[in-house]
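Shown next, in structure tokens, is the structure this report addresses.
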Amino acid sequence: MKEYNLSIKDWALVIIISTLMMSVFFSLGLFALQNQFRKELDQQVDQALTKIQDVVKEAQVTLLYLNSLNVVGCGPITLKEMQKTLFDSQYIKGISFKESANSICNVGIQNTRTTKKTSPDFIGPKKISVWLNTPLSIFDFEKNAITIEQDKFTAVISEVFLKHLTAIDASWELIFLEKDTKRHIEGTPNLFKEVELGRHANDINALKCSDSISYCFAISSTKKLFYKTSSTMIFIWFICSFLIFIISFILLLVFFERYRSIESRVIRGIRKNCFYCLYQPIVALESRKVVGCEVLARFRDDKGELSPADFIPIIIKRGRTWNFTKKIINQFSLDAPHLKRSGDNLKVSFNFFAQDIDSGIILEILEKNWLKNEHFTFVIEVTEDEKLSNLSSVEVLNKLRSNGYLIAIDDFGTGYSNLRELKEFPCHILKIDKTFVSEMEDGAIRSSLIPHIVGISKMIDVAIVAEGIEYGEQQAALIKLGIDYGQGYLFGKPMKPEYFRKIFL
Ligand SMILES: Nc1nc2c(ncn2[C@@H]2O[C@H](COP(=O)(O)O[C@H]3[C@@H](O)[C@H](n4cnc5c(=O)[nH]c(N)nc54)O[C@@H]3COP(=O)(O)O)[C@@H](O)[C@H]2O)c(=O)[nH]1
């Protein structure tokens with residue numbers, strides 16, 4: 001299993017962001033489902049109004065037709081027309097005719113209203129009187145119906161259709177608009193008015209008035225009902241949202257890991273000035289007098305310190321060598337006031353990358369007049385590398401040399417050049433790698449090469465600096481071998497410019 005190198009803060013961020021993504025996704029889905037449900041309620045309202053419209057139209061057309069026949073008395077013609085009309089009707093269950101007390105007849109279900117004279121519940125269009133909940137006597141049981149009357153004819157409409165106006169088990173109300181009043185017909189009393197006034201804001205509502213008849217319909221569903229009705233879809237959506245959580249979690253982990261990885265820290269560090277310089281003294285071995293210092297880069301960001309062994313390979317790998325070196329030069333120019341001294345110039349050694357010398361980009365130093373300071377002599381240290389053996393590098397180094405810079409070969413003995421090649425190579429200083437010094441006591445073969453290096457360097461007039469001197473014995477032995485300069489913890493570790501000034505200048 002992969003181990004993630006994230007801080008608690010990063011883990012918290014990963015969890016918070018993925019949870020947020022899941023919540024946003026889930027909320028959007030829920031919002032869409034609610035909208036869908038609202039559309040369903042709209043459809044229910046339309047269907048209910050269409051049904052009411054059909055019933056009203058049927059009643060109006062039937063009564064208008066029968067009255068237009070101008071029949072007289074309950075004769076066969078009247079009865080036949082009433083039967084014919086009843087047969088063609090979908091909602092009318094009975095028709096009565098009344099001309100005078102002697103002339104009363106009916107087909108289909110008979111209403112009892114005619115026997116109990118009351119005023120109508122309301123008068124609809126075309127002067128049709130409407131009685132709601134009229135009791136009917138059908139054989140041995142009683143039922144209620146809607147009774148409508150126009151002139152001589154009365155129709156009985158079953159109330160059953162009113163009970164099934166919607167397919168959703170939500171509260172609803174059917175009202176009749178009579179001038180300025182809203183007359184409750186069926187359903188939950190006052191629901192229409194409350195929805196209209198926004199009193200059901202927490203519920204999902206729909207309401208509408210018909211364009212052709214004076215009826216309005218409102219439906220209101222509680223959120224609970226919505227969750228119950230849409231539970232399967234909500235569950236599926238929750239699973240999808242959870243998948244979004246897992247995907248975001250993994251992607252964020254990868255992103256944070258990359259973002260926080262050493263590589264990205266280093267690259268960001270170049271942009272954000274996370275590099276600073278320490279200065280290590282270089283001394284004349286006999287007198288221990290400081291002749292110069294080496295500029296050594298250090299890295300610090302909000303995550304902590306990184307050593308050159310971590311960041312130098314990354315800078316090379318990501319091709320940021322020159323950007324990085326420019327930052328170090330710039331940092332030195334800020335530190336320079338601490339390093340000034342009266343008397344001899346201090347030799348300040350910078351480490352340069354072989355590829356920047358090879359490409360010639362290092363000559364920018366000359367073009368832009370960087371590293372020009374009367375108080376210092378600058379040394380260009382370059383690790384011996386195969387690239388440096390090519391002609392263009394030699395040309396570049398010669399140019400720097402002729403402009404007053406000293407050239408030093410760093411870590412001598414670890415790379416590709418050999419003593420003979422040194423004759424052609426334009427350098428002033430040879431820095432013998434610290435492994436030569438550390439192996440001296442063991443009498444290792446490598447350390448036995450030191451006298452040869454000293455001999456040739458004297459011949460070609462190149463100064464030698466021994467690196468990594470940690471003990472007085474090493475210092476004494478190196479002096480004996482004829483080495484003039486040294487660098488190492490014995491004389492001083494890399495330090496901040498302020499301390500360097502205090503101790504050595
Ligand atoms: N191109 C650039 N390279 C740079 C720069 N800054 C540093 N570096 C290179 O990174 C390598 C490691 O450097 P660092 O960890 O700073 O180590 C240096 C000294 O601290 C260490 N040293 C010095 N004296 C002693 C000692 O007595 N004992 C001991 N064990 N270590 C000691 O040696 C390093 C200096 O080496 P060198 O550069 O070869 O003189 C290193 O290769 C740096 O070059 C940079 O700005 N640019």
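The chain is numbered in sequence order, starting from 1. Quick caveat: nothing in here was measured; it's all calculated off a predicted structure.
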Show, in sequence, the C-alpha distance, side-chain angles and deciding distance for Glu194 and His200, and conclude whether the side chain to side chain donor-acceptor pair (under 3.5 Å) test is met.
CA-CA 7 Å; Glu194 285 174 5; His200 286 250; 2.9 Å; yes

Kindly check if the number of other-residue, nucleotide or ligand heavy atoms within 6.0 Å of NZ (Lys193) is above 12?
no

Can a donor-acceptor pair be found between the side chains of Ser264 and Ser261 at a distance below 3.5 Å?
yes

Using 0.5 Å steps for rounding, measure from the CZ atom of Phe226 to the CG atom of Leu33.
5.0 Å

Around atom CE of Met21, are there more than 12 heavy atoms from other residues, nucleotides or ligands closer than 6.0 Å?
no

On a heavy-atom basis, which atom in Leu252 and which in Ser18 lie closest, and how many Å separate them?
CD1-OG, 3.8 Å

Is it the case that atom NZ in Lys39 sees more than 12 heavy atoms from other parts of the structure closer than 6.0 Å?
no

For the backbone of Leu285 and the side chain of Gln475, can you confirm whether one donor and one acceptor N or O come within less than 3.5 Å of each other?
yes

Regarding Thr383 and Asn351, is there a side-chain donor-to-acceptor distance under 3.5 Å anywhere?
no

Would you give the length of the straight line joining atom NZ of Lys347 to atom CG of Leu406, rounded to the nearest 0.5 angstrom?
6.5 Å

Taking only Lys NZ, Arg NE, NH1 and NH2, and the carboxylate oxygens of Asp or Glu, determine whether Asp411 and Lys434 approach each other closer than 4.0 Å.
no

Per the ring pair (Phe, Tyr, Trp, His ring centres under 6.0 Å) rule, which among Phe238, Trp237, Phe242, Phe245 passes with Phe25?
Trp237

Donor-acceptor pair, distance only, cut-off 3.5 Å: does the side chain of Arg501 make one with the backbone of Phe504?
no

Does Leu197 have more than 12 heavy atoms from other residues, nucleotides or ligands lying within 6.0 Å of its CG?
yes

Checking Trp172 against Gln44: is there a side-chain donor and acceptor pair closer than 3.5 Å?
no

Before giving the answer on side chain to side chain donor-acceptor pair (under 3.5 Å), spell out for Gln355 and Trp322 the whole-Å C-alpha distance, their side-chain angles and the decisive distance to 0.1 Å.
CA-CA 9 Å; Gln355 48 266 58; Trp322 188 238; over 6 Å; no

Around Phe26, counting heavy atoms of other residues, nucleotides and ligands shown, do more than 12 lie under 6.0 Å from its CZ?
yes

Within a strict 4.5 Å, meaning less than it, do heavy atoms of the Leu400 and Leu366 side chains meet?
yes

Using distance alone, with no hydrogens and no angle criterion, decide if Gln53 and Ser212 have a side-chain donor and acceptor under 3.5 Å apart.
yes

Do Val382 and Asp410 pass the side-chain contact (heavy atoms from CB on, under 4.5 Å) test, and can you show the C-alpha distance, the side-chain angles, and the key distance before you say yes or no?
CA-CA 5 Å; Val382 51; Asp410 199 7; over 6 Å; no

Salt bridge or not for Glu381 and Lys431, using N-O below 4.0 Å?
yes

Walk me through whether Leu371 and Phe350 qualify under side-chain contact (heavy atoms from CB on, under 4.5 Å).
CA-CA 10 Å; Leu371 296 184; Phe350 283 87; 3.6 Å; yes

Does the pair Thr222 and Asp203 meet the rule for a side chain to side chain donor-acceptor pair (under 3.5 Å), with working shown?
CA-CA 5 Å; Thr222 56; Asp203 298 335; 5.6 Å; no

In this structure, OG1 of Thr321 is separated from CD1 of Ile312 (nearest 0.5 Å) by 10.0 Å

Given side chain to side chain donor-acceptor pair (under 3.5 Å), test Arg320 with Asn323 step by step and report yes or no.
CA-CA 5 Å; Arg320 306 292 167 94; Asn323 278 349; over 6 Å; no

Any donor and acceptor pair, going by atom type alone, linking the side chain of Asn330 with main-chain N or O of Lys326 inside 3.5 Å?
no

Verify whether one side chain among Lys327 and Asn273 offers a donor that lies under 3.5 Å from an acceptor in the other.
yes

Residue of the set Ile357, Ile380, Val462 for which side-chain contact (heavy atoms from CB on, under 4.5 Å) holds with Ile407:
Ile380

Ignoring hydrogens, what is the shortest heavy-atom contact between Glu173 and Leu191? Give both atom names and the distance.
OE1-N, 3.0 Å

Would you compute the distance between atom CD1 of Ile236 and atom CD1 of Ile239 and round it to the nearest 0.5 angstrom?
9.0 Å

Kindly give the heavy-atom pair with the smallest separation between Val266 and Phe299, and that separation in Å.
CA-CE1, 4.1 Å

Work out which heavy atom in Cys209 is nearest to a heavy atom in Leu177; give both atom names and the distance.
SG-CD1, 4.1 Å

If every non-hydrogen atom of Gln280 is compared with every non-hydrogen atom of Phe500, which pair is closest and at what distance?
C-CE1, 4.0 Å

Whether over 12 other heavy atoms sit under 6.0 Å from Glu470 CD
yes

Would a 4.5 Å heavy-atom cut-off, applied to side chains only, mark Phe436 and Ile453 as touching?
yes

Please determine whether the number of non-hydrogen atoms from other residues, nucleotides or ligands lying under 6.0 Å from atom CG of Asp302 exceeds 12.
yes

Test the Arg300-Tyr276 pair against the cation-pi criterion, namely NZ or CZ under 6.0 angstrom from the six-membered ring centroid and within 45° of the ring axis.
yes

Start with the C-alpha distance between Thr166 and Leu41, add both sets of side-chain angles, then the distance that settles side-chain contact (heavy atoms from CB on, under 4.5 Å), and finish with yes or no.
CA-CA 9 Å; Thr166 74; Leu41 291 189; over 6 Å; no

Should the pair Phe324 and Phe275 be assigned to parallel (<30°), tilted (30 to 60°) or perpendicular (>60°) ring geometry?
perpendicular

Quick one, Ile464 and Asp484 - any side-chain contact, counting heavy atoms below 4.5 Å?
no

Any donor-acceptor pair under 3.5 Å from Thr181 side chain to Arg183 backbone
no

Pair Arg298-Glu305, salt bridge (Lys or Arg N to Asp or Glu O under 4.0 Å): steps then yes or no
CA-CA 8 Å; Arg298 294 290 179 267; Glu305 304 255 351; over 6 Å; no

Is the terminal nitrogen or CZ of Lys496 (NZ for Lys, CZ for Arg) located under 6.0 angstrom from the six-membered ring centre of Tyr499 and within 45° of that ring's axis?
no

Flag the pair Ile483 / Ile450 as yes when at least one side-chain heavy-atom distance between them is below 4.5 Å, and no otherwise.
yes

Could you tell me whether Asp301 and Lys272 have a side-chain N and a carboxylate O separated by less than 4.0 Å?
no

Gln36 side chain near Met233 side chain, heavy-atom distance below 4.5 Å
no

State, to 0.1 Å, how close Thr435 and Asp433 come at their nearest heavy-atom pair, and which atoms those are.
OG1-OD2, 2.6 Å

Is the centre of the Phe235 ring less than 6.0 Å from the centre of the Tyr227 ring?
no

Can you measure from CD (Glu467) to OG (Ser438) and round to the nearest 0.5 angstrom?
11.5 Å

When rounded to the nearest 0.5 angstrom, what distance separates CZ in Phe192 from CG in Asn205?
11.5 Å

I'd like to check Val45 versus Leu207 (side-chain heavy atoms, cut-off strictly below 4.5 Å). Are they in contact?
no

Side-chain contact, heavy-atom cut-off 4.5 Å: Phe217 with Ile175?
no

